[in-house]
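Before any comments, here is the structure.
Read the numbers this way: they start at 1 and go in the same order the structure lists the ligands and their atoms. All residue numbers in this chain count up from 1 along the given sequence.
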Amino acid sequence: MADSATSTNPLPRHVAVIMDGNGRWARERGEDRVFGHANGVDSVRAVVRAAGELGVEYLTLYAFSTENWSRPKEEINALMELLVSSLAGEVDELIAQGVRLRSVGALDSLPEACREALGDVEARTAVCTGLTLILALSYSGRWEITEAVRDIVRSGMAADDIDEDTLRNCMGLPDVPDPELLIRTSGEQRLSNFLLWQLAYSELHFTPVMWPDFREDHFRAAVHEFRGRERRFGRTGEQLRHAQNAGN
Ligand code: IPE
Ligand code: IPE
Ligand code: MG
């Protein structure tokens with residue numbers, strides 16, 4: 001998107017999305033919740049395309065949380081089957097768009113078919129140099145931080161040697177920069193245990209649009225709005241403007 005006069009921030013390198021509202025979207029149509037999940041795949045396709053076209057480097061999608069394991073078994077099975085069929089159905093298009101797939105979460109707890117499908121698409125897209133699409137699966141921020149602490153304790157590191165970078169380097173994907181922007185659909189305004197470490201200074205964008213209705217224009221609008229936000233990182237507004245003027 002072209003810069004507008006009000007833009008102050010560069011394009012976000014990393015956008016994270018909590019894809020929410022599938023169940024309500026389906027219920028509003030008198031359908032089963034799974035119908036909403038199936039329609040949400042169109043939104044994933046649209047957002048991947050929009051992010052790639054804009055030049056966003058990383059897009060992380062919250063696809064299944066640690067807490068989602070407490071949903072009815074039928075819904076979990078349907079979500080896992082949808083993951084497998086979508087990966088198989090989209091891989092050629094991902095490659096055509098230069099999209100590299102990665103994943104984060106307690107992948108061992110996923111059904112074998114999911115792990116195989118993920119591994120296959122990750123391997124086939126490993127050489128792609130465009131957008132990196134990250135699926136958060138069986139993921140939660142507290143799980144990730146707990147795993148990081150375990151790794152550090154196992155390493156035998158002295159307490160006084162541990163700093164923020166130590167923790168950062170023990171997160172699931174330490175080479176990926178923190179998201180500058182988080183989008184959550186469906187009107188809910190909470191993090192639901194997503195990327196708790198990485199979202200420390202992200203800008204938050206909440207939209208009432210249900211995930212199955214979310215399209216390229218919604219994504220572009222969220223990025224555009226982000227670009228006009230004032231990110232202070234603890235400084236005063238005056239300090240910020242002084243730094244901006246000095247940089248011009
Ligand atoms: C998000 O939609 C998809 C997942 C959590 C897997 P929901 O299934 O949470 O839909 P609502 O929030 O109940 O409408
Ligand atoms: C968050 O949505 C998880 C995903 C989008 C995968 P939920 O619908 O599970 O979150 P809560 O339960 O409303 O907080
Ligand atoms: Mg929900």
Side-chain angles (χ1 to χ4, degrees), residues 14-48 50-51 58-87 89-90 101-111 113-115 117-118 133-147 171-173 176 179 181-199 202 204-215 218-219 222:
H14 183 178
V15 179
V17 185
I18 302 177
M19 310 183 287
D20 199 14
N22 295 353
R24 278 164 284 167
W25 185 90
R27 290 277 188 248
E28 279 165 18
R29 287 157 181 78
E31 299 280 354
D32 190 80
R33 297 175 54 80
V34 174
F35 181 72
H37 298 316
N39 277 273
V41 177
D42 293 339
S43 308
V44 172
R45 201 178 293 119
V47 165
V48 167
Y58 302 92
L59 176 70
T60 299
L61 302 180
Y62 204 6
F64 193 84
S65 74
T66 305
E67 289 75 21
N68 288 150
W69 288 114
S70 61
R71 292 197 177 192
K73 211 170 171 41
E74 303 73 45
E75 183 174 348
I76 294 173
N77 290 343
L79 278 166
M80 296 300 158
E81 282 167 22
L82 194 59
L83 176 66
V84 173
S85 61
S86 302
L87 286 168
E90 302 296 328
L101 184 81
R102 297 178 73 181
S103 51
V104 65
L107 304 180
D108 287 351
S109 57
L110 297 175
C114 290
R115 279 184 277 128
L118 272 175
L133 169 63
I134 300 163
L135 294 184
L137 287 159
S138 190
Y139 173 88
S140 72
R142 287 185 177 177
W143 165 83
E144 188 177 37
I145 292 168
T146 306
E147 288 296 306
M171 295 295 151
L173 300 173
V176 175
L181 172 63
L182 169 80
I183 299 170
R184 182 169 188 152
T185 59
S186 88
E188 306 301 342
Q189 302 191 2
R190 55 180 170 267
L191 297 182
S192 301
N193 215 347
F194 191 38
L195 298 174
L196 296 181
W197 176 273
Q198 297 86 342
L199 293 174
S202 307
L204 310 180
H205 178 96
F206 298 109
T207 169
V209 177
M210 297 291 167
W211 180 249
D213 286 331
F214 197 83
R215 285 294 179 275
H218 299 112
F219 186 83

- Message: Considering both backbone and side-chain atoms of Leu79, is one of its nitrogen or oxygen atoms within less than 3.5 Å of a nitrogen or oxygen in ligand 1?
- Response: no

- Message: Is there a polar contact, in the sense of an N or O pair closer than 3.5 Å, between Asn22 and ligand 1?
- Response: yes

May I ask you to decide if [Y]'s main-chain N or O and [X]'s side chain share a donor-acceptor pair within less than 3.5 Å?
X	Y	result
Arg24	Ser186	yes
Asn39	Phe35	yes
Ser202	Leu181	no
Tyr62	Ser192	yes
Ser109	Ala106	yes

How far is [atom] from the closest protein heavy atom, and which atom is that?
atom	answer
atom 6 (C) of ligand 2	Tyr62 O, 3.3 Å
atom 11 (P) of ligand 2	Ser192 OG, 3.6 Å
atom 2 (O) of ligand 2	Arg184 NH2, 3.7 Å
atom 1 (C) of ligand 1	Met19 O, 2.9 Å
atom 9 (O) of ligand 2	Asn68 ND2, 2.9 Å
atom 13 (O) of ligand 2	Arg190 NH2, 2.8 Å
atom 10 (O) of ligand 1	Gly23 N, 2.9 Å

- Could you tell me whether Arg29 sits above the aromatic face of Trp25, with NZ or CZ closer than 6.0 angstrom to the six-membered ring centre and within 45 degrees of the axis? yes

- Query: Atoms of ligand 1 less than 4.0 Å from Ala63 heavy atoms?
  - Reply: 6 (C)

- Message: With heavy-atom distances below 4.0 Å as the criterion, list the atoms of ligand 1 near Arg33.
- Response: 7 (P), 8 (O), 10 (O), 13 (O)

- Mind checking whether Ser186 has a heavy atom under 4.0 Å from ligand 1? no

- CA sep, side-chain torsions, deciding dist, call: His14, Gln198, side chain to side chain donor-acceptor pair (under 3.5 Å): CA-CA 11 Å; His14 183 178; Gln198 297 86 342; over 6 Å; no

- Task: For Phe64, counting its heavy atoms only, list the atoms of ligand 2 lying under 4.0 Å from any of them.
- Result: 6 (C)

- Item | Close-contact set for ligand 2 against Arg71 heavy atoms, below 4.0 Å | 7 (P), 8 (O), 9 (O)

- Name of the Asp20 atom (N/O/S only) found closest to the Mg ion (ligand 3): OD1

- Where do His218 and Thr207 land on the side chain to side chain donor-acceptor pair (under 3.5 Å) test, with the steps shown first? CA-CA 9 Å; His218 299 112; Thr207 169; over 6 Å; no

- If you take all heavy atoms of Trp69 and Met80, which pair is closest and at what distance? CH2-CE, 3.7 Å

- Measure the CD1-CG distance between Ile76 and Leu110 for me, rounded to the nearest 0.5 Å. 11.0 Å

- Query: With under 30° as parallel and over 60° as perpendicular, where do the rings of Phe214 and Phe219 fit, or are they tilted in between?
  - Reply: perpendicular

- Of the backbone atoms (N, CA, C, O) and the side-chain heavy atoms from C-beta on, which set of His37 has a member under 4.0 Å from an atom of ligand 1: side chain, backbone, both, or neither? side chain

- Task: Using distance alone, decide if ligand 2 has a nitrogen or oxygen within less than 3.5 Å of any nitrogen or oxygen in Ser65.
- Result: no

